[in-house]
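Only one structure is covered here, and it is reproduced in the block below.
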Amino acid sequence: MILRANGLRRSFDGVFAVRDVDLDVAHGELRAVIGPNGAGKSTLFALIGGQLRADAGTVTYDGTRIDRLPPHRRAAAGIAVVFQGARVFTGMTVLENVMVGAHAGTRTGFGAAIARLPRHRREEREIRDRARESLARAGLEDWADRDAGALPLGQQRVVQVARALCGRPRLLLLDEPASGLRAGERARLADLLGELRGEGITMLLVEHDVAFVTRLADRVTVLDLGQVIAEGTPAQIRADDRVVAAYLGATA
Amino acid sequence: MKVLIAAAVVTLALPVFLDGKQLGIYVLAGLAAMVTVGLSLLMGQAGQISLGQASFYAIGAYTAGLLSVHGTAPVLGLLAAPVVAAAFAAVVGAGVLRLRGHYLAFATLAMQLILLSVLAQSTWAGGAIGLQGIPRLSVGGFELAEDIQYAYLVWAGLAVVLVVAHNLVRSRPGRGLRALATSEVAAAASGVPVGRYRLAVFTLSAAFAGLAGGIYAFYLGYLGPGSFPVLLSIEYVVMAVVGGLGTLAGGVVGAVAIVLLVQALNELATSPGMPSYAPSVLSYAVYGLLLVVVVLWLPRGIVPALRGKERT
């Protein structure tokens with residue numbers, strides 16, 4: 001297992017957002033987490049990414065506990081995050097945005113940068129090459145020199161995916177990456193995620209859109225009211241009565 | 001690049017044509033620019049504000065002054081100035097920079113108020129009368145005695161500050177800083193250690209101010225707590241905002257513009273027939289007005305506005 005959550009619990013003002021959640025994600029798996037609004041998907045996502053701390057429970061990544069680590073240390077361990085909202089760095093070009101993604105795993109500090117040491121130059125070239133490569137994979141080459149904040153929302157999401165890729169993650173967390181995208185953008189994103197799975201990158205995909213998920217995911221975890229109510233292959237989930245009652249029924 | 005070379009050539013040639021009083025303004029503008037470039041970096045790149053930047057200027061000045069009064073080679077005093085100022089910033093910043101919000105602004109303001117009262121009451125620092133008899137700066141037997149030599153020293157000091165800041169901005173840590181200024185959450189998730197980076201850029205901005213303060217000590221030969229009022233810290237903030245946050249040229253342009261403006265105001269306020277309170281009233285009123293005008297019509301500052309025009 002590359003990711004293991006055990007007894008995760010988090011409440012806000014006495015109300016449980018996530019309650020005793022266990023989650024095991026295997027190497028190379030694309031796991032979807034679905035559930036109706038308010039099911040605790042985004043809270044679970046933030047507990048794994050490090051944006052929130054758990055009240056109780058543990059998160060283990062690749063055999064080490066990470067639940068007390070700040071987000072930048074989790075990034076250094078190989079976890080990359082694509083947020084739901086527009087979280088690009090405005091005022092920076094698309095290329096620069098993606099270059100920030102390489103922050104984890106590169107080393108040049110203040111001193112080496114200011115002194116323009118040879119290793120700074122070497123690493124800078126490497127970061128730039130990696131960023132261009134990630135841009136190309138995400139189909140953003142033509143946007144490289146544009147201000148990332150000026151892009152349409154859909155493209156900003158893709159910038160985030162490219163930024164995450166530039167860090168060469170082993171685990172990629174995506175929070176509703178398809179929300180707000182048009183049909184064409186959605187299909188392209190699905191293709192890209194499929195490709196990444198082919199390369200062995202483990203993904204945890206939190207999604208509201210069941211159709212988007214069931215085509216892509218290896219396994220699906222269903223949350224409702226902060227608890228796991230079902231887990232299985234997309235086919236099993238579609239046939240599960242509790243899921244239909246809690247989720248599919250609620251949206252129909 | 002052309003603009004940069006032209007600016008370097010003009011500012012290098014300028015001191016030759018200036019009289020004594022104008023040289024003084026040149027020196028003060030250059031020193032203010034050194035401080036403001038650091039503050040602009042802190043405000044524009046790291047999204048934090050310091051209301052006590054003049055205290056690092058003071059710490060640098062007193063470090064250089066005290067060391068050389070007590071017999072240390074002046075050049076060592078000058079080198080120690082940014083180091084001691086940076087150390088103070090590291091201590092003050094370590095606590096407050098991990099918190100979100102405006103804690104740094106309050107902490108630095110408090111720091112300056114404490115520093116001023118400590119300086120005024122410490123006999124070892126000359127007390128309220130000030131520290132006198134600071135020798136001229138000398139490097140290997142060559143003494144800088146003329147104002148024009150200090151003008152060139154300031155030019156060199158500003159050049160060092162600009163090169164350091166430029167190299168930082170266009171690098172991995174520089175991108176990390178700019179990223180965390182717009183989205184702390186996304187920057188941290190990309191591996192940027194937000195707290196540590198903020199502390200580093202705050203420390204660097206203090207080092208710039210400390211170096212400027214060190215030059216100031218040798219230039220003036222006298223230091224008093226009255227030379228570093230809170231108003232000076234506010235002035236640096238106004239300079240950074242007016243010039244344009246997050247641009248290096250903005251720090252320089254803002255500092256020079258404000259120093260010239262203050263000079264003109266002083267002439268006006270001390271002209272015959274003006275009441276004795278005119279200088280302070282005028283300066284506060286003009287800072288206020290200037291901020292309002294800039295925020296209304298040039299919200300991003302002078303330099304970004306000029307650059308925007310160039311492009312279209």
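So you know, we letter chains A, B, ... as the sequences are listed, proteins then strands, and number each from 1.
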Using a cut-off of under 4.5 Å on heavy-atom pairs, state which of B:Leu180, B:Val164, B:Asn167, B:Val169 scores highest against chain A.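 Max contact count across the listed options: B:Asn167.
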If you count heavy-atom pairs within less than 4.5 Å of chain A, which of B:Ala181, B:Gly176, B:Ser183, B:Ala188 leads?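 Max contact count across the listed options: B:Ala188.
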Applying a criterion of heavy atom separation less than 4.5 Å, what residues of residues 57-69 of chain A form contacts with chain B?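 When heavy atoms of chain B are the reference, residues 57-69 of chain A contributes no residue within the under-4.5 Å range.
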Determine the option with the most heavy-atom pairs under 4.5 angstrom with chain B, choosing from A:Met99, A:His120, A:Gln160, A:Arg73.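 When all of A:Met99, A:His120, A:Gln160, A:Arg73 are compared, A:Met99 has the most.
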For chain B, which of A:Thr106, A:Leu173, A:Val82, A:Ile127 has the most heavy-atom pairs under 4.5 Å?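 Maximum pair count with chain B is reached by A:Thr106.
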Only one of A:Arg163, A:Arg87, A:His72 clears side chain to side chain contact (heavy atoms under 4.5 Å, CB included) with B:Ser190; which?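 For B:Ser190, the side chain to side chain contact (heavy atoms under 4.5 Å, CB included) check succeeds only for A:Arg163.
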Which atoms form the tightest heavy-atom contact between A:Thr108 and B:Pro173, and what is the distance?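 Looking at all heavy atoms of both residues, the closest pair is O-CD, 3.5 Å.
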May I ask you to test the B:Leu177-A:Phe110 pair for a side-chain heavy-atom distance under 4.5 Å?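 Contact flag for B:Leu177/A:Phe110 side chains = yes.
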Is there a side-chain contact between B:Arg175 and A:His103, using heavy atoms and a 4.5 Å cut-off?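 A side-chain contact under 4.5 Å is absent here.
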Test: B:Arg170 and A:Glu124 ion pair at under 4.0 Å: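 Salt bridge flag = no for A:Glu124 with B:Arg170.
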Which answer fits B:Ala165, side chain, backbone, both or neither, if we ask what part of it has an atom under 4.5 Å from a heavy atom of chain A?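 Neither; nothing under 4.5 Å.
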Between A:Ile79 and chain B, which part of the residue has a heavy atom less than 4.5 Å away: side chain, backbone, both or neither?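 Contact with chain B involves the backbone of A:Ile79 alone.
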